[in-house]
Novice: 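Next up is a structure, given as structure tokens.
What's counted below: heavy atoms across the whole structure, side chains too, no hydrogens, waters or symmetry copies. So you know, we letter chains A, B, ... as the sequences are listed, proteins then strands, and number each from 1.
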Protein chains: 2
Amino acid sequence: MESPHSHSHSHPHSQSQSKSQSQSQFVCRWYPPAFDIRLESVPIPTIQHPDDAIIKIKFAGLCGSDLHVYRGHEDVNETHICGHEFIGHVVALGSSFHSGSPPSRPVLYSYLKVGDKVISPFTVSCGECEYCRLGFTARCISSLLFGSPTLQGCQAQYVRVPLAGGTLFSLSTLSLPLDHPLSLPQELSSLPDPALLLLADILPTGLFVVLQACTHPKLAPIFTGIPWPHSLGHLTRDVLLKGCTLPFLSAAERILDVAIVGLGPVGLCATLALLDYLTRADVRYRIVAVDPNGSRRAKMQKIYDALPEDAKGKSADEFIVSDIPDVPKVVQAWGRRGCHAVLEVVGTPSALTLSVSLLAPSGVLSSCGVHQSPQIPFTGRELYDRNVSLEFGRCSAHSIFAAAVGLLLRRRDVLGAIGECSIIDRVIPLRDAVKAYEAFEKGVYGKVVFDPWA
Amino acid sequence: MESPHSHSHSHPHSQSQSKSQSQSQFVCRWYPPAFDIRLESVPIPTIQHPDDAIIKIKFAGLCGSDLHVYRGHEDVNETHICGHEFIGHVVALGSSFHSGSPPSRPVLYSYLKVGDKVISPFTVSCGECEYCRLGFTARCISSLLFGSPTLQGCQAQYVRVPLAGGTLFSLSTLSLPLDHPLSLPQELSSLPDPALLLLADILPTGLFVVLQACTHPKLAPIFTGIPWPHSLGHLTRDVLLKGCTLPFLSAAERILDVAIVGLGPVGLCATLALLDYLTRADVRYRIVAVDPNGSRRAKMQKIYDALPEDAKGKSADEFIVSDIPDVPKVVQAWGRRGCHAVLEVVGTPSALTLSVSLLAPSGVLSSCGVHQSPQIPFTGRELYDRNVSLEFGRCSAHSIFAAAVGLLLRRRDVLGAIGECSIIDRVIPLRDAVKAYEAFEKGVYGKVVFDPWA
């Protein structure tokens with residue numbers, strides 16, 4: 001079928017793109033065992049399934065979790081194209097995309113057109129299985145991760161997106177009426193593309209690690225002022241507070257203490273998401289943001305200092321950036337036995353150990369780190385004796401997308417910029433990827449965005 | 001000061017009891033290294049601190065966690081009186097108990113009188129520290145466990161209760177007006193004392209492991225019909241469902257699958273608490289209740305069969321009692337990749353391993369088992385790859401007490417009885433404790449209640 005959209009790109013692919021085409025593109029590929037990134041020419045991908053879309057990449061991100069593969073930590077032995085964050089334009093669509101797509105399928109199958117501008121979450125999700133419908137799109141039964149042996153990545157000029165109607169978000173639907181299921185806020189169109197690229201992974205993931213903590217029932221007493229378990233809702237309150245001598249909490253008792261372990265790009269996003277959540281909930285806080293890397297700490301401090309006053313909460317709120325050896329003293333000085341919540345944004349056993357050591361009894365450890373093969377370093381007794389809650393896993397970037405858009409727009413002063421006081425450090429040509437991986441791995445570069453056409 | 005209460009017991013102790021008194025009592029003591037329980041005569045405890053109360057025990061429970069000590073698994077080398085569940089009457093109070101007690105202190109300091117009938121949670125809590133005020137009384141900074149080296153137990157004729165105004169519940173306040181902070185429902189007075197004893201530990205603990213699961217944000221989509229994270233409240237919904245193609249869940253999609261691992265007395269209480277929670281929330285379920293012990297499985301089945309129809313939910317709901325080898329088939333037959341929640345009520349690495357194996361991706365493991373020194377048997381990668389949430393720890397029995405009272409009254413048909421179709425297996429003289437520990441440890445006896453005066 002023909003697309004009714006006009007589009008400016010001149011690429012020859014179309015919705016009826018043939019598999020026999022094999023023009024070549026420029027990509028960044030990883031070779032085993034480790035630290036071997038090569039810039040190569042490979043065929044442009046083609047439609048392989050009716051649900052596929054082929055996207056011409058405008059920008060692709062370099063993410064901290066690309067380093068797991070780069071360092072050879074992922075138990076992967078197959079060469080593949082790297083990268084899982086991209087923004088671009090549709091150049092070809094499979095036959096599932098048409099106005100007569102069944103209403104049981106994701107709405108995008110009826111609306112996406114060649115030429116549309118799209119962002120993709122870092123994993124593919126069908127939008128139809130029970131996990132997608134619950135909102136746990138990261139655990140879609142057909143989930144695939146871009147930039148892995150099972151799905152070629154996007155540090156390239158073109159990428160194939162399977163299950164594209166369940167996976168992609170169209171930015172060409174900004175003109176749809178506000179009550180349309182695909183409508184997104186018009187203000188998004190004023191943000192630069194590298195800023196929109198944050199919606200692919202690190203902003204949703206930073207928000208995810210915050211939501212896992214802040215919506216945990218153990219933090220409800222701080223947010224509501226009502227002691228546990230009466231804070232949990234009517235099914236635990238039927239005998240009300242009678243027979244229970246615990247009174248409501250005073251304002252002074254409702255100060256949330258949080259540690260953020262890891263200040264890479266996701267840690268910066270998590271910090272902004274946390275400050276946004278707490279100021280909107282009007283909850284007082286003391287936050288300690290921890291990283292062993294001095295340049296990361298400096299960037300965190302700079303970003304915090306640059307925030308407008310209303311984004312920092314009340315004057316009594318504390319925000320301390322700390323090296324690892326100093327953090328126990330910071331938490332001790334708060335006069336508690338630890339933090340109510342710790343956000344672990346690293347993915348190593350040592351980060352887990354530090355995180356649990358900073359946690360108060362009955363605290364919540366929310367982790368979005370991509371942990372590897374070591375057994376987790378706690379005995380059952382330690383966890384029992386301190387009533388520890390542990391939240392592990394991958395962000396469901398598709399279902400959290402709308403909330404991340406809200407955060408991106410409210411915090412566009414930091415998230416919409418590029419450079420010193422923003423999350424994105426620099427935009428560089430994809431042909432400089434070898435150098436960029438090296439510098440990012442050493443912490444010399446912050447968040448990098450690649451332009452595959454420069 | 002003098003108590004204005006009349007009371008029928010004839011014990012000579014009074015509120016001004018002197019430390020020099022040393023009449024003897026009959027107790028059950030544990031000796032290291034293991035399996036050595038002795039019935040002995042020791043001095044009756046006396047007031048040692050103004051916040052103390054001395055309680056004359058009417059009944060004391062034998063609990064599954066007494067077996068951790070009995071078996072020598074608790075790394076304890078000191079002889080002590082066993083037991084942490086009791087109901088009895090106040091025979092002496094420290095000087096903190098008087099009508100002029102400061103309003104900043106727990107209300108019970110102003111009301112408790114010699115002669116009052118009381119129940120105690122299994123741990124002492126002050127009611128004044130930050131943990132108590134948040135509702136996490138199990139992690140009170142002054143917490144002590146009855147029946148441990150730091151606090152003598154209650155399998156005795158008398159017990160000393162430290163921080164008694166923060167710890168105890170008075171059943172003599174049933175006549176207080178309904179809006180009084182110490183008021184409890186009048187219907188409690190019609191329940192037999194061994195049934196009230198369930199409020200000391202196992203009913204709150206069974207309810208705790210259920211609340212940890214059912215109030216977890218990952219189960220909110222099933223309870224509300226709204227996909228995650230929109231199910232989490234207004235702070236995650238500001239961009240509403242626009243831009244998000246996930247529709248609300250159908251009734252058929254809102255069936256909660258739960259496994260309960262361990263059908264000892266706490267497992268039975270957890271099952272009753274779960275059925276109560278789900279039927280009140282009007283949520284459909286499929287439950288598999290697992291234990292390797294045939295007599296425990298038979299008791300579970302008997303109790304379920306004896307429940308009134310409205311306590312079992314709708315006719316399509318499934319409740320299956322299973323041995324360990326069969327449980328994977330049960331869950332597989334449900335056509336999912338595992339359960340939304342698993343309640344782990346055992347406290348061993350093998351129970352943890354089974355529990356996580358039964359969990360669907362993005363599932364919640366709620367554990368109330370008293371885990372010991374082995375490292376928990378999962379790699380970080382397993383937990384990340386399946387988005388596992390783990391909830392560990394001890395029940396805050398004091399703060400959950402009011403909710404447990406509601407459950408006890410609604411489920412008095414099972415919980416208010418003694419024998420085959422109830423949680424309490426038998427009431428026996430404390431002088432038979434050696435035999436009772438042996439039989440309970442082997443699973444021959446179910447829940448045992450001791451009468452120290454028979």
Novice: Need one label for B:Ser250: side chain, backbone, both or neither, based on atoms under 4.5 Å from any heavy atom in chain A.
Specialist: backbone
Novice: By a 4.5 Å heavy-atom criterion (distance strictly below it), what part of B:Arg386 contacts chain A: side chain, backbone, both, or neither?
Specialist: backbone
Novice: Taking side chain as everything from C-beta outward and backbone as N, CA, C, O, which of these in B:Cys129 sits under 4.5 Å from a heavy atom of chain A? Side chain, backbone, both or neither.
Specialist: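 When you check distances to chain A, no heavy atom of B:Cys129 falls under 4.5 Å.
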Novice: How long is the span from the NZ atom in A:Lys218 to the CG atom in B:Leu134, to the nearest 0.5 Å?
Specialist: 11.5 Å
Novice: What part of B:Glu128 gets closer than 4.5 Å to chain A, counting heavy atoms only: side chain, backbone, both or neither?
Specialist: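 No part of it gets close to chain A.
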Novice: Is B:Pro361 in contact with chain A via its backbone, its side chain, both, or neither, using a 4.5 Å heavy-atom distance?
Specialist: both
Novice: Report the option among A:Cys368, A:Pro221, A:Ser362, A:Gly347 that has the most heavy-atom pairs separated by less than 4.5 Å from atoms of chain B.
Specialist: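 Of the options given, most contacts go to A:Ser362.
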Novice: Does any pair with a residue in residues 375-384 of chain A pass salt bridge (Lys or Arg N to Asp or Glu O under 4.0 Å), and if so which ones, sequence neighbours excluded?
Specialist: A:Arg381-A:Asp385, A:Arg381-B:Glu74
Novice: Any side-chain heavy-atom pair from B:Arg337 and A:Glu130 closer than 4.5 angstrom?
Specialist: no
Novice: With the side chain counted from C-beta on, respond yes when A:Ser389 and B:Ser389 share a heavy-atom pair under 4.5 Å apart, and no when they do not.
Specialist: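 No, every pair of side-chain atoms sits at 4.5 Å or beyond.
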Novice: Taking every heavy-atom pair that is under 4.5 Å apart, which of A:Pro349, A:Ala138, A:Gly369 has the most such pairs with chain B?
Specialist: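 Option with the greatest count: A:Gly369.
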Novice: For the residue pair B:His230 and A:Ala402, what are the closest heavy atoms and their distance?
Specialist: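 Smallest interatomic distance, heavy atoms only, reads CE1-CB, 4.2 Å.
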Novice: Taking side chain as everything from C-beta outward and backbone as N, CA, C, O, which of these in B:His340 sits under 4.5 Å from a heavy atom of chain A? Side chain, backbone, both or neither.
Specialist: side chain
Novice: Taking side chain as everything from C-beta outward and backbone as N, CA, C, O, which of these in B:Val388 sits under 4.5 Å from a heavy atom of chain A? Side chain, backbone, both or neither.
Specialist: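 Backbone only.
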Novice: Which heavy atom of A:Pro229 sits nearest to which heavy atom of B:Ser399, and what is that distance?
Specialist: CD-O, 3.2 Å
Novice: Applying ring pair (Phe, Tyr, Trp, His ring centres under 6.0 Å), which residue pairs with at least one partner in residues 363-397 of chain B are found, sequence neighbours left out?
Specialist: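 Ring pair (Phe, Tyr, Trp, His ring centres under 6.0 Å) check on residues 363-397 of chain B returns B:His371-B:Phe392.
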Novice: Any idea which of B:Ile376, B:Thr379, B:Leu365, B:Asn387 has the most non-hydrogen atom pairs under 4.5 angstrom with chain A?
Specialist: B:Asn387
Novice: Report the distance from atom CD of B:Gln212 to atom NE2 of A:His216, rounding to the nearest 0.5 Å.
Specialist: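 It comes to 7.0 Å.
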Novice: Parallel, tilted or perpendicular for B:Phe136 and A:Trp228, by the 30°/60° rule?
Specialist: tilted
Novice: Checking B:Ile141 against chain A: side chain, backbone, both or neither under 4.5 Å from a heavy atom?
Specialist: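 Interface part for B:Ile141: both.
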Novice: Is the backbone N or O of A:Gly380 less than 3.5 Å from a side-chain atom of B:Gln372, with the two atoms forming a donor-acceptor pair by type?
Specialist: no
Novice: Looking at A:Phe248, is its backbone amide N or carbonyl O close enough to the side chain of B:Arg133 to form a donor-acceptor pair, meaning the two atoms are under 3.5 Å apart?
Specialist: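 Checking the backbone N and O of A:Phe248 against the side chain of B:Arg133, a donor-acceptor pair under 3.5 Å is found.
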Novice: Find the one option among A:Arg394, A:Glu391, A:Arg254 whose heavy-atom pairs under 4.5 Å with chain B are most numerous.
Specialist: A:Arg394
